[in-house]
Each structure stands twice: as C-alpha cells, then as structure tokens.
**Q** 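First, the structure itself, so that you have it in front of you.
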Amino acid sequence: MRIWQLGLVMVALAAPAMAAETSAISLAKTSKWEMKYNADSCQLLASFGSDKDRVIFVLTREQPGDPFDLQLYGQAFKYSGIEMPVELTFGNGGKPAKRGGIALNVNSGEKIPLVRLTGLRLDGWEDWKHPETMVPISPAREAAITTIAFKPARGKRYLLETGSMGAPMAAVRTCTEDLVKTWGYDPAIEARLQQRPVPIDSPATWLRTGDFPTPAVFQGHNGLVRFRLDIDASGMPRGCRVLYRTNPDEFADLTCQLITKRARFKPALDAQGKPVKSFYINNVRWMAAG
C-alpha cells in the first residue's frame with residue numbers, strides 16, 4: 001500500500017514545444033483581480049471565461065519569495081485519478097512544463113472540480129535539486145507576463161488572458177510581508193537569512209506507514225495537508241499551523257501532532273550567522289492506494 005509522500009512534489013517531464021497559441025481556447029478575464037489577506041496566506045483570485053469553459057484562478061503564497069501554489073477550478077479538471085498531469089506555460093514564448101497536480105473532484109467533497117499545483121514560479125524555474133541556481137524574479141519580468149496557458153490531462157489547451165501580472169504580483173508581495181509580521185517575524189531579517197531552518201533528518205522519516213488512520217484506509221480517503229512549523233533558535237518546533245487541507249480533513253491535526261513530535265532542525269541563521277527563530281513550510285500527501 002502506498003501510504004504517503006512528504007514534501008513538494010515536482011514532476012518535470014520532457015515536454016513538446018507548445019503549439020501556436022491560436023489553437024488554444026482563449027479565456028478573457030471576467031472579474032477584477034481580488035487580493036485576499038488570510039491569517040496564514042495571501043490569495044490572488046480572478047475568473048476567466050464563462051459557462052462550461054469558466055475557470056477560477058487562485059494563486060496562493062504563504063511567505064515572501066517567488067514560489068506559489070495554484071488552484072484552478074472548472075469543468076476542465078474533472079479527472080478520475082488522484083494526480084493529474086497539467087502542462088503550464090507562463091507568458092508568450094515561455095517554456096512549457098508538465099506538472100503533476102492533486103485533482104479534487106465532486107466525489108471528494110469539492111463543489112467544483114479543481115487541480116492544485118505546488119511550487120510554481122512565473123519564470124518556469126523548477127530545478128529544486130539545485131536551489132542555488134534560483135534567481136529572484138524581477139518586477140519587470142512579472143509585468144511582461146500577460147497570459148498563462150494550461151492543458152489538463154487528455155483535455156483541451158486553454159489560454160488565460162491575464163493582462164500584465166506586474167500589479168497583481170506587487171500586491172501579493174505586499175501581502176506576504178504583512179503576513180510574516182503578523183506571525184511575529186521581521187520581514188527584513190527573514191529576507192537576509194544566511195540559512196533557513198534545515199531538517200536534520202529526512203522529512204520522509206517524520207511520518208510512517210502505521211500513522212495512517214485506520215478509518216481512512218477502509219474508506220479510501222486521501223489528503224493533502226500544507227503546514228507551517230515555527231522553529232526556535234535551537235532548532236526545535238514550537239508550533240504547527242495547518243495552512244491548507246483537502247476534504248475530508250481528518251489528516252490535518254494528526255499531521256501537526258506527529259511532525260511536531262518528530263521533526264528536528266538546524267536553526268535559521270541571520271545575516272551575521274547567529275541562530276534565530278524562523279519558520280518552515282511544507283506539504284504532506286496522505287495516499288491510500290492499492
């Protein structure tokens with residue numbers, strides 16, 4: 001039985017060159033951008049298209065930086081499996097990449113089919129094995145992106161006519177800086193850290209096969225839980241907060257309970273190399289599959 005996977009799930013497959021955008025179904029923006037200030041995240045929302053082609057776009061960022069998660073709602077995302085391949089392209093001429101996203105359909109408790117993709121960047125960078133190659137995305141580059149194309153598994157290709165992403169992404173940056181302050185951290189210190197909290201042991205050891213709730217096994221429940229750990233200057237978790245949970249939510253409290261008990265870290269280091277408190281964010285995928 002495949003029980004769970006811990007961590008950001010990156011599926012990077014060789015992708016064919018994208019067909020001309022004229023072959024995609026173009027979806028105009030049918031709402032203004034909305035910026036939601038949540039207790040644990042910042043969300044940028046907009047609707048595109050109408051009727052059966054309507055897509056709701058929800059970009060979520062839970063800390064300063066360039067990566068974000070993306071939820072796309074719409075009938076285009078009806079899928080019988082759990083992990084749904086999606087081809088994404090940010091901006092005209094961008095490099096398409098195939099990613100695996102968690103598909104959640106109406107039988108999972110969601111009212112509208114959706115797919116959730118994690119660890120995205122507007123420049124398409126995804127070499128997570130070599131984070132030292134990551135370069136910050138400039139506001140100018142964000143502003144140059146005016147479309148986002150996607151193609152779900154076995155589905156049609158769609159083109160979201162977003163308009164310039166400059167102003168919307170600037171609003172997201174402002175929100176995440178404010179967010180960190182509400183957690184009791186200084187955004188300026190966080191931005192200059194020499195090192196973020198680093199797990200001493202592999203995150204794969206934090207949860208075990210026997211941790212899977214027995215009722216969930218028999219009912220075939222799967223779940224995704226995104227969490228934030230507050231790590232003190234000694235490397236000990238001092239709090240756990242669930243940032244996102246899928247339905248049903250039986251895995252959320254259990255995730256925090258077990259990871260707080262088992263996870264240990266090398267603490268964050270400030271600009272002078274002094275250990276300081278900081279936070280750590282990651283995902284757990286609970287999967288019961290034969």
Side-chain angles (χ1 to χ4, degrees), residues 2 4-5 8-11 13 15 18-19 21 23-34 36 38 41-62 68-90 96-120 147-162 216 219-226 242-252 283-290:
R2 183 157 57 107
W4 54 264
Q5 294 177 317
L8 292 175
V9 180
M10 298 297 152
V11 179
L13 306 176
M18 178 174 258
E21 297 293 9
S23 64
I25 298 174
S26 182
L27 302 179
K29 189 153 62 73
T30 53
S31 72
K32 294 181 178 180
W33 287 113
E34 178 184 354
K36 290 185 66 176
N38 302 314
S41 66
C42 299
Q43 289 186 309
L44 180 68
L45 303 87
S47 294
F48 296 82
S50 60
D51 301 327
K52 63 181 178 62
D53 289 328
R54 184 174 183 238
V55 171
I56 300 173
F57 173 104
V58 183
L59 181 154
T60 303
R61 187 173 282 167
E62 292 134 344
F68 59 86
D69 292 353
L70 182 61
Q71 288 181 201
L72 297 170
Y73 294 77
Q75 295 304 314
F77 305 105
K78 291 188 69 174
Y79 192 66
S80 58
I82 297 173
E83 188 162 339
M84 180 185 200
V86 179
E87 184 180 282
L88 283 167
T89 308
F90 297 103
K98 285 185 179 178
R99 305 294 297 278
I102 300 296
L104 297 168
N105 289 297
V106 291
N107 58 3
S108 67
E110 300 293 339
K111 295 181 180 180
I112 306 175
L114 72 95
V115 64
R116 182 178 176 93
L117 302 121
T118 62
L120 301 173
T147 61
I148 297 175
F150 67 88
K151 183 181 183 300
R154 299 191 298 273
K156 301 175 182 177
R157 190 182 305 280
Y158 295 85
L159 186 69
L160 304 181
E161 300 284 358
T162 61
Q219 296 175 43
H221 288 170
N222 300 294
L224 173 67
V225 178
R226 188 160 176 81
V242 172
L243 306 178
Y244 174 83
R245 66 185 74 188
T246 54
N247 293 321
D249 64 359
E250 60 203 292
F251 304 108
N283 298 322
V284 175
R285 292 177 58 183
W286 295 83
M287 300 176 67

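Worth saying up front: this structure is predicted, and the values here are computed from it rather than measured. Along the sequence shown, the residues carry numbers beginning at 1.
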**Q** Given side chains that start at C-beta, do those of L44 and E34 come closer than 4.5 Å, heavy atoms only?
**A**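 The answer is no, as the side chains (C-beta and beyond) never meet within the 4.5 Å cut-off.
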
**Q** Is I148 close to T89 at the side-chain level, that is, under 4.5 Å between some pair of heavy atoms?
**A** no

**Q** In the structure I gave you, are the side-chain heavy atoms of T147 and E161 within less than 4.5 Å of one another anywhere?
**A**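 Yes. Closest side-chain heavy atoms under 4.5 Å.
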
**Q** Using the six-membered ring wherever Trp is involved, compare the ring planes of F150 and Y158 and label them parallel, tilted or perpendicular (cut-offs 30° and 60°).
**A**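 Rings of F150 and Y158: parallel, as their planes differ by under 30°.
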
**Q** On a heavy-atom basis, which atom in P85 and which in E83 lie closest, and how many Å separate them?
**A**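 P85 and E83 have their closest heavy atoms at CD-O, 3.6 Å.
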
**Q** Would you tabulate the side-chain donor-acceptor contacts of residues 52-60 under 3.5 Å, counting partners in other chains and residues two or more places apart, or write 'none'?
**A**
residue: R54; atom: NH2; partner: S47; partner atom: OG; Å: 3.2
residue: T60; atom: OG1; partner: Q43; partner atom: NE2; Å: 3.2

**Q** Do you know the tightest heavy-atom contact between Y79 and R154?
**A** CE1-NH2, 3.6 Å

**Q** Distance check, rounded to the nearest 0.5 Å: I25 atom CD1 versus K156 atom NZ?
**A**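 Here the rounded value is 4.5 Å.
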
**Q** Taking all non-hydrogen atoms of both residues into account, name the closest pair between L159 and A149 and its distance.
**A** CD1-CB, 3.7 Å

**Q** For a 4.5 angstrom cut-off between non-hydrogen side-chain atoms, does L117 reach V86?
**A** yes

**Q** Could you measure the distance from the CZ atom of R61 to the SG atom of C42? Nearest 0.5 Å is fine.
**A** 9.0 Å

**Q** Side-chain contact test, heavy atoms from C-beta onward, threshold under 4.5 Å: evaluate it for P152 versus M84 and give yes or no.
**A** yes

**Q** Flag the pair T162 / W33 as yes when at least one side-chain heavy-atom distance between them is below 4.5 Å, and no otherwise.
**A**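 Yes - at least one pair of side-chain heavy atoms lies under 4.5 Å apart.
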
**Q** Cation-pi check for Y244 against R116: NZ or CZ below 6.0 Å from the six-membered ring centre and within 45 degrees of the axis, yes or no?
**A**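 Judged by the rule, R116 and Y244 form a cation-pi pair.
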
**Q** Does the pair R226 and D69 meet the rule for a salt bridge (Lys or Arg N to Asp or Glu O under 4.0 Å), with working shown?
**A** CA-CA 11 Å; R226 188 160 176 81; D69 292 353; 3.4 Å; yes

**Q** If every non-hydrogen atom of L27 is compared with every non-hydrogen atom of F48, which pair is closest and at what distance?
**A** O-CD2, 3.6 Å

**Q** In Å, rounded to the nearest 0.5 Å, how long is the span from CG of L114 to CD of Q71?
**A**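 Going from CG on L114 over to CD on Q71, the span is 5.5 Å.
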
**Q** Determine, step by step, whether T118 and N283 satisfy the side-chain contact (heavy atoms from CB on, under 4.5 Å) criterion, reporting the C-alpha distance in whole Å, the side-chain angles of both residues, the deciding distance to 0.1 Å, and the verdict.
**A** CA-CA 9 Å; T118 62; N283 298 322; 3.6 Å; yes

**Q** Might you work through the side-chain contact (heavy atoms from CB on, under 4.5 Å) test for V284 and F251, ending with a clear yes or no?
**A** CA-CA 9 Å; V284 175; F251 304 108; over 6 Å; no

